[in-house]
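Here the structure is laid out as structure tokens; the discussion comes afterwards.
Labels below follow one simple rule: chain letters A, B, ... track the order of the sequence lines, proteins then strands, and each chain is numbered from 1.
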Protein chains: 2
Amino acid sequence: MKNDVNLTVQALQRMPYYLQHLRKVDENGVQIISATAMANVLDLNEVLVRKDLSMICTSKGKPKSGFPVKELIDNIEDYLGYNNTMDAVLVGVGSLGKALLGNNEFSKFGLNIVAAFDIDEDIVGQVVCGKKVFPLEKLQNLCERMHIHIGILTVPAEFAQEAADRLVGSGVRAIWNFALIKLNAPDHVLVQNENLAASLAVLSQHLRNEMTEESKGVDLNEHTAL
Amino acid sequence: MKNDVNLTVQALQRMPYYLQHLRKVDENGVQIISATAMANVLDLNEVLVRKDLSMICTSKGKPKSGFPVKELIDNIEDYLGYNNTMDAVLVGVGSLGKALLGNNEFSKFGLNIVAAFDIDEDIVGQVVCGKKVFPLEKLQNLCERMHIHIGILTVPAEFAQEAADRLVGSGVRAIWNFALIKLNAPDHVLVQNENLAASLAVLSQHLRNEMTEESKGVDLNEHTAL
DNA sequence: ACCCTTTCGATATCCTAATATCGATATTAT
DNA sequence: ATAATATCGATATTAGGATATCGAAAGGGT
């Protein structure tokens, strides 16, 4: 384990991709992989990959051969916390909240949603995707009893700050925020914003460019020149 | 409309936050807002906000007052494509795919999922959240008939490249990829990777830091010094 | 009418992540 | 054994977004 170092957010974001590829080559019996090879597959700079891997790998990379695959897999899984599950609560059982509750793939990443909360009386008491929905008043009690440190926020933007305050008051130390709003929280509480609208914005801009170029009759080869 | 300019990805990501805040102040009857004020609320640098707003705003900002709220809202909504819906197909009706199918909030962002596709015979033919699931063989025909340009990829990583190839072959020009793999696609096809695992990785790293600091008995005020 | 303050737009600077360079080292081939 | 080569680790450079600075313009107060 080498979890005393801190990776940059960018490096962290690359880790899941490294892991996915490492698992794949491991299945094929590959025991050692070079940063160069990984970089080619993932379309990244080889120095970047080398630096990333050396950050989390317990052993050193060997010149001419590379890094041990199995060890890298273990190191990344450990670093990302895939082996010890983090318990979380979800606040806001609307359309998006239900969607996340139903996504059982989070367990692969070490996340376990233990309960959900909402203010809507019609929803409270229901069991959504195997998770019981409690009234918001019970949030603090449950979080304290179960030592929950992660809150997932899927309420509308106008209620997000209030809900965040409740989470902080319940001892939560990290908030996964799906609302499009900048939350105020104490410094020791991490707010990780998830911005699905941003991805859609990127798609939209690209499609618009495609359309206008098309209507201009631009030579298609200009694209490939990029 | 001022959709001839191209924003950086970073600027695009900020747009939904601007929009959310603008809608809020608009409801309160505010007609003009300064970049400075927006920057304070959203915790951004004021020059950055000013530059972003001037990029998409059709009129100029007035010294001492700011930018017209209603116009900004219209401009951002236009730019992000919220007013003319983009039709999309979803490939991979597993846990995550179902979740996205059920999330009707995408319509607010101009995205409309018209159909889903899968290879699993048990799922094909079903109607999930009002969307019919077709066999993968029907993908090309439907995309061409309905002029679909966006594909949402929620298949396991090992099948992602194959599914992406099919989407490209069906005329799709932008892929929203939830698989943790680097897809190969022609240059004119945009691949927008969504990396939920990365967010969880950031949360995990933070919690680990919190725990180790706690066990070290570090003065809590060190946090606020950041 | 004049001054003061706030904000704008443009330009210059800074900072951090990504990339390039280079000597050192291990493996393979001759 | 020796030479050739691929990769590593460390250091230097580059690039691009974020931030700071400054003159100009517009509104408010006296």
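Checked against side-chain contact (heavy atoms from CB on, under 4.5 Å), B:Thr36 has the following partners two or more places apart in sequence or in another chain: B:Ser34, B:Asn40, B:Glu46, B:Arg50. Residues that satisfy the ring pair (Phe, Tyr, Trp, His ring centres under 6.0 Å) test with A:Phe106, not counting sequence neighbours, are A:Trp176. Not counting sequence neighbours, A:Ser107 has no partner by the side-chain contact (heavy atoms from CB on, under 4.5 Å) test. Residues passing the ring pair (Phe, Tyr, Trp, His ring centres under 6.0 Å) test with A:Tyr82 are A:Phe109, sequence neighbours excluded. B:Lys64 is linked by a salt bridge (Lys or Arg N to Asp or Glu O under 4.0 Å) to nothing, counting only residues two or more places apart in sequence or in another chain. Remark: B:Phe117 engages B:Phe134 in a ring pair (Phe, Tyr, Trp, His ring centres under 6.0 Å) (not counting sequence neighbours).
Side-chain nitrogen and oxygen atoms of B:Arg14 include at least one within less than 4.0 Å of the OP1 or OP2 phosphate oxygen of D:dA18.
Within a heavy-atom distance below 4.0 Å of DNA chain C, the residues of residues 24-45 of chain A found are A:Asn45.
In this structure, A:Val9 and B:Lys60 both approach DNA chain C, and ranking their closest nucleotides by distance from the 5' end singles out B:Lys60.
Atom-to-atom, CD of A:Gln10 to C1' of D:dG17 comes out at 12 Å; the value is rounded to the nearest Å. Rounding to whole angstrom units, CG of residue B:Leu7 and C1' of D:dG17 are separated by 14 Å. Atoms CG (B:Leu48) and P (D:dA20) sit 11 Å apart, rounded to a whole Å. The CG atom of B:Leu12 sits 12 Å away from the P atom of D:dA18 (whole-angstrom rounding).
At least one side-chain heavy atom of A:Leu207 sits less than 4.5 Å from a side-chain heavy atom of B:Arg173.
Within the structure, salt bridge (Lys or Arg N to Asp or Glu O under 4.0 Å) pairs that include any residue of residues 6-15 of chain B comprise B:Arg14-B:Asp52 (at least two apart or interchain). Legend: salt bridge (Lys or Arg N to Asp or Glu O under 4.0 Å) pairs involving residues 150-164 of chain B, not counting sequence neighbours: none detected.
Between B:Glu71 and B:Lys2, no side-chain nitrogen of the basic residue sits less than 4.0 Å from a carboxylate oxygen of the acidic one, so the salt-bridge criterion is not met.
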Nucleotide N/O of nucleotides 26-30 of chain D paired with protein N/O under 3.5 Å:
none

Quick one: side chains of residues 163-171 of chain A, donor-acceptor pairs under 3.5 Å with protein atoms, not counting sequence neighbours, listed by atom name and distance.
from, atom 1, to, atom 2, distance (Å)
A:Asp165, OD1, A:Gln161, NE2, 2.9
A:Ser170, OG, A:Arg166, O, 2.7

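Heavy-atom contacts of chain A under 4.0 Å fall on DNA chain C between two terminal nucleotides, which in 5' to 3' order are C:dA17 to C:dT27.
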